[in-house]
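As structure tokens, the structure follows; a few thoughts come after it.
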Amino acid sequence: MTYLSEIRNGKQILQEVAALTFEKTYDVIVCGLGTAGSNAALFSAENGLSVLGVETLTCAGGNHTLGGVVGYYFGCPGGRYEEMDKTVFDFAKRYTSTTAESRKFLMEQALVEKGVGLLYEATVCGVYLEENTVIGLRVLQNGHLTDYGAKVVMDCTAEAYVAAMAGCETVCGRSSDGQMQPYTLVSLVYDGEKYRFTNVDFGRVDQYDSKALSEAVLFCRSYHVQEEHAGTTLISQMPMMGFREGRRIVAEQPVKLDDVFAGCQTGTPMFYSYADLDKHGWDIAFDGEGLGDWAIGANLGAYNVTVAVPYKAILPKGFDGLLVPCRALGVDRDVSSCVRMNLDMKKAAEAAAQWATLAVTQNKSLNDVSYAALAQALKESGCLKESDDRGFRIDGTVNWDGTPLTPKQVQWLTDPAELESHLKTETPGIAIWSVRYMGEKAVPALLKLLISPDENTKKHAAFALAMLGRNEGAEILRETAAARDGLMLKDCRKNNTLRGCMAIYWLGRLADRTIVPELTHLICDENENQKPVYSNGALTTRYKVAGFDGVYFQFLSQAVMALVRIGDVHRDLQAEIAQAFTVAFASDGYYDRITKRPRQSSEGNMALTIKTVALAAIEKWAL
Amino acid sequence: MYEVIVLGATFAAAGIAETYGKDCLVIEQRMDAGYEFFCAHFDSGPEVYPYLQKADVRFGSHIVSVEKTQVGFVCTTHGVEGFCTFEAKRIIDTRVTPQMCESKAFPILIASEEPPAFAGVSCKRIGETNHYIVSIPVSLSSGYPEARTAALDVVKQFSQTQKLIYSADQFDYRVKDGYPKEENGILYLPSKAFVSPGRAFQAGKEAAR
């Protein structure tokens, strides 16, 4: 039986199709010709397949062209994309001011030369299925609906639009409030010497809600013009919005951050992803415990991780005929901020093209293609290299204080006797995280360090014990929280955490009931932001934003999330905590103390999130 | 039911939105507004977004169909929520279709130390800068790949002091005489029929009266 699956008013509608005639059938239809899609279409065509590309914009390249994101953020070089890159860079040196412009022309030229059919200003609005195998698409262009058949469909929309339309299971947003990473808008500006892309982050938006999406477009495009480009000439706001996060498929073989931390990575990789867990919102308090332990609890948020991405992470669970080699691939939310960069997308595209080629040429379903044949092709091109399994690294070019950064491998500590020398410094992160691997054997050493006369040592030992779920250091954590310890630790090149906030985070993770009055005071006191910590320059200038009290925001957000965690565990405290939330957020005073910026700005949106999370807890507790 | 549904988030649409406010729904396929003039001038001109903020707007929504009913119109769109329908008493279409036009061009913005000159192509300097708009004529039936191929031919003629800064993501249309006009109850008011964003905005305001 053949079905047509559509989305109407946000709901999937499945209807039987009695007779079906496709306008034309292709080996591959690529939906979305962005960073992933344009390469997937090109590589598929180079492999000899017939290819149709469907793109809603007016050119190929996506973020690399109309998005204005032209560079690579870490990643492991190697693969078929390198040939196009070289052509683009060489052309740009001679003829264009940015590689985005070169790529617009040269990628399209290559696609046309390889015979790829291009449908611009077009969108997919229906998916044809035989059972759970995708066999074709309904495409809308200039008001006309046309049906095309395909042996393999690639959803490269970044948003899993086609997968969701087909009925594949998808997930989205963080557990605390359902929100995604802040979106951004890139502009091309001229500063008198050179043409460059610059971006401004805005709040979080549900890009699957057309009204919210449209309000965000109106806000950011007008806000951008008015406030952000002093001293430069605006050439153009980029036509493509910068959404960093969206729907992700539930894949045949998903990737989980916990597995990355535990060293349990796939044996069937298609490539290795390599970057930090790149969070753009400062409200990391609400990003969950997997990320929280790493980025807040151990202050390792800007350390790079290597993720082996299995080939079946782009195959929706229970489906065939459909691959999702784009940002919407099957990774959990915690690791999604790493596995989304331009290089990863190009490598996923290459893997998808090879996979489709094997399926088409061997007349097999995607599920029946052997990994060995796929891996061989990916190894030959350099897309997949075992040497790309780089583990954990400190990487980048500049330290938090502007000094040059020397990249190096991270070696976790294995001997408890080594802990003290690390914990007594202002870069204790490696030691704190190492305790996670040492387990109980670290406890005797840490208990001794709790009574150290050295402030760093005992506080950081308390963090390490909390990492193991132990509360022997709770009193030290409480003192650190009560003192609003404003020391910014220095493990990372960016996004370092304030020690007082780390203490509050761990007290929440330990569900420490004793800290409730102190945290209640912190969130309810209208004069809290007058305390010295909020004006002593705890954040370096690199992290300061005009009209936004980042230190107060961090303490307030961590305190609210800690109270939520405590209330989740101690039902008898829920009413007391709910009352504190009610008082704290009865008026907009909290917002005004955090920021003077508009509510739809990134800062305003983050401030509002604190209240959203608090009120959600009250509702969850049914109070 | 809206008083009016406006197709295209153009400067003319902004004028209509200014008048109708929330009784107006603007439907736009792209994720930006005012592009019909930006693509020709590489200058956003008057600010279009504050006026559109007065109306309801749906960006990223493709028009599937517009059907007349006994009381007005039903407009079906396809966007991030799939197919949706909206009702209105009036429809004003501010977009341009090739059938409305007598010619079209593909503009590119270049930096040049000397006044550029390319055969068959008009070049216009922006103010006192070294930026020039090079407007490459293409046939009405040309798509973007053909237009960029023509542009690439021009780019490859660049001297050492010339660089391509930005190429348009929208054609620059020259609309035939005779607009605005009404057909089957729909007012066709192509924003690009007017010589400037301001004129298009005013035309939108007048059409809304």
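Keep in mind it's a predicted model, so treat the numbers as computed, not measured. The figures that follow rest on heavy atoms only: side chains count, while hydrogens, waters and symmetry mates do not.
- Per-residue counts of heavy-atom pairs under 4.5 Å with chain B were compared for A/Leu145, A/Thr123, A/Leu140, A/Asn142; the largest is that of A/Thr123.
- The distance from the CE atom of A/Met238 to the CG atom of B/Asp32 is 10.5 Å, given to the nearest 0.5 Å.
- Ranked by heavy-atom pairs under 4.5 Å with chain A, the list B/Gln170, B/His131, B/His62, B/Lys156 is led by B/His62.
- Ranked by heavy-atom pairs under 4.5 Å with chain B, the first of A/Gln109, A/Gln12, A/Met241, A/Lys104 is A/Lys104.
- The part of A/Ala122 that comes within reach of chain B is its backbone (N, CA, C, O), which places non-hydrogen atoms under 4.5 angstrom from that chain.
- With A/Ser97 contributing its side chain and B/Leu164 its backbone, the two residues share a donor-acceptor pair below 3.5 Å.
- Residue with the most contacts toward chain A among B/Arg58, B/Gln29, B/Gln162, B/Gln53: B/Arg58 (heavy-atom pairs, distance under 4.5 Å).
- In this structure, the side chain of A/Glu101 does not engage the main chain of B/Tyr166 through any donor-acceptor pair within 3.5 Å.
- Proximity to chain B (any heavy atom under 4.5 Å) is restricted, for A/Lys93, to the backbone atoms N, CA, C and O.
- The backbone N or O of A/Ala92 sits less than 3.5 Å from a side-chain atom of B/Lys163, completing a donor-acceptor pair.
- Side chains of B/Asp169 and A/Leu57 form no contact here, defined as non-hydrogen atoms less than 4.5 Å apart.
- Contacts of A/Met165 with chain B are made by side-chain atoms alone, with heavy-atom separations under 4.5 Å and no backbone atom involved.
- Ring planes of B/Phe158 and A/Tyr95: tilted class, angle from 30 to 60°.
- No other option in A/Cys59, A/Gly126, A/Ala60 has as many heavy-atom pairs under 4.5 Å with chain B as A/Cys59.
- A/Leu118 is not listed as a side-chain neighbour of B/Tyr144, based on a closest heavy-atom distance of 4.5 Å or more.
- Looking at B/Phe42 and A/Ser236, their side chains never come closer than 4.5 Å, going by heavy atoms from C-beta outward.
- For a residue to count as touching a neighbouring chain, one of its non-hydrogen atoms must lie under 4.5 Å from one of that chain's; by this rule A/Leu218 touches chain B with backbone and side chain alike.
- A/Asp209 is not listed as a side-chain neighbour of B/Val80, based on a closest heavy-atom distance of 4.5 Å or more.
- Options A/Tyr208, A/Tyr120, A/Tyr195, A/Phe91 differ in how many heavy-atom pairs under 4.5 Å they form with chain B, and the most are formed by A/Tyr195.
- Using a distance-only test at 3.5 Å, with no hydrogens or angles considered, a donor-acceptor pair links the side chain of A/Ser214 to the main chain of B/Phe59.
- In this structure, B/Arg148 CZ and A/Met107 CE are separated by 12.5 Å, a value rounded to the nearest 0.5 Å.
- Checking A/Leu185, A/Leu66, A/Thr56, A/Leu213 one by one against B/Met31, the side chain to side chain contact (heavy atoms under 4.5 Å, CB included) holds for a single residue, A/Leu213.
- Side-chain contact between A/Glu121 and B/Arg30 is absent, with no heavy-atom pair separated by less than 4.5 Å.
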